[in-house]
Amino acid sequence: LPTPYLLFYAFVAVIGSITGIVAAAKIALLTSTFLFTFGATFLCEATGRHPRLGLIAPLALFGVSLGWGFASFLFAMPLMLFVFAFNERVLADPSRRNLVLLALFILLTYLGHAMIFAVTMIIVAIRSIRRPKPLAIASLPTIIVALRILIRTLTTPWREEGAAAPKETK
């Protein structure tokens, strides 16, 4: 089942099967850099700012998260910018295309990192308080995926890998 944090590791696994894991992790961070630029540029356009402001967005990579090696966090951060941008587009023009792209980026943010997803959804919900219906519609795919994970987690007790299943008592 797809869970938060899956996106970075799936990306690295796919690229790593071709290049090796270390090179794949570097490619993932490079991809994150490009996504930061495009996400910030797109957000600037959606909010009426000059798109060139997006060129300074990759500087956000060079912080404590990079120093500690929180690669999945850094990989998900640009997706947050796309969610913000598409939310602005949906608020201005709730077309089917904008709703589908907002839904896609909400789902990708969920799969990218749980904390990024939580912060993103809080901010987007506050921003959409006057018109919550488009956000609710765009959030449905993510809610369905998350409910599947929650139900599976609640019905299948977690146990340590390699540990024997507990004996049933009468």
Side-chain angles (χ1 to χ4, degrees), residues 1-44 46 53-90 99-128 135 138-163:
L1 288 172
T3 60
Y5 312 106
L6 175 71
L7 193 60
F8 171 77
Y9 297 107
F11 184 86
V12 169
V14 169
I15 302 298
S17 66
I18 300 166
T19 65
I21 297 300
V22 174
K26 291 177 183 179
I27 291 170
L29 289 175
L30 181 64
T31 303
S32 182
T33 304
F34 287 122
L35 288 174
F36 255 114
T37 304
F38 292 122
T41 299
F42 193 61
L43 179 58
C44 288
L53 290 172
L55 294 175
I56 63 170
L59 294 175
L61 281 171
F62 302 104
V64 175
S65 298
L66 182 63
W68 281 90
F70 298 137
S72 63
F73 180 85
L74 294 172
F75 196 69
M77 279 179 55
L79 301 173
M80 175 179 63
L81 299 175
F82 282 102
V83 171
F84 292 160
F86 277 109
N87 188 56
E88 291 299 320
R89 298 259 177 168
V90 164
L99 279 171
V100 167
L101 289 170
L102 177 60
L104 172 69
F105 280 104
I106 289 173
L107 181 61
L108 288 174
T109 303
Y110 171 76
L111 295 174
H113 198 278
M115 189 173 81
I116 295 288
F117 173 72
V119 169
T120 300
M121 291 312 291
I122 289 169
I123 292 170
V124 169
I126 291 169
R127 178 72 178 103
S128 303
L135 178 61
S139 298
L140 280 176
T142 304
I143 292 169
I144 291 168
V145 169
L147 281 177
R148 287 186 60 215
I149 294 166
L150 179 64
I151 290 168
R152 168 103 182 199
T153 302
L154 292 176
T155 58
T156 309
W158 181 84
R159 63 174 201 252
E160 189 67 37
E161 184 66 34

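The chain is numbered in sequence order, starting from 1.
- Here the rule is side-chain contact (heavy atoms from CB on, under 4.5 Å) with Tyr110, and of Leu7, Leu6, Ile149, Val83 only Ile149 fits it.
- At distances below 3.5 Å, at least one donor-acceptor pair connects side-chain atoms of Thr109 with backbone N or O atoms of Phe105.
- Minimum interatomic distance between Ala103 and Thr142 (heavy atoms only, all atoms of both residues): O-OG1, 4.4 Å.
- Here OH of Tyr5 is found 10.0 Å from CZ of Phe73. Values are rounded to the nearest 0.5 Å.
- The minimum heavy-atom distance between Ala25 and Val12, with the atom names listed, is CA-CG2, 4.1 Å.
- Leu111 CG to Leu79 CG: the interatomic distance, rounded to the nearest 0.5 Å, is 9.5 Å.
- Closest approach of Leu81 to Ala40, counting heavy atoms only: CD1-N, 3.7 Å.
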**Asked** When you look at Phe82 and Leu101, which way does the side-chain contact (heavy atoms from CB on, under 4.5 Å) test go after all the steps?
**Response** CA-CA 9 Å; Phe82 282 102; Leu101 289 170; over 6 Å; no
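- Checked against Ile106 for a side-chain contact (heavy atoms from CB on, under 4.5 Å), the options Leu135, Thr120, Val124 give a single hit: Leu135.
- One finds the OG1 atom of Thr33 at 12.5 Å from the CD1 atom of Ile27 (value rounded to the nearest 0.5 Å).
- Nearest heavy atoms, Gly54 versus Thr41: CA-OG1, 3.5 Å.
- Ile126 contributes atom CD1, which lies 11.5 Å from atom CE of Met121 (distance to the nearest 0.5 angstrom).
- Distance CG/Leu99 to OG/Ser139: 10.0 Å, rounded to 0.5 Å.
- Between Pro58 and Thr37 the shortest heavy-atom distance is CG-OG1, 3.0 Å.
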**Asked** Yes or no on ring pair (Phe, Tyr, Trp, His ring centres under 6.0 Å) for Phe42 and Phe86, after CA distance, side-chain angles and deciding distance?
**Response** CA-CA 9 Å; Phe42 193 61; Phe86 277 109; 4.7 Å; yes
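- Here CD1 of Ile123 is found 11.5 Å from OG of Ser128. Values are rounded to the nearest 0.5 Å.
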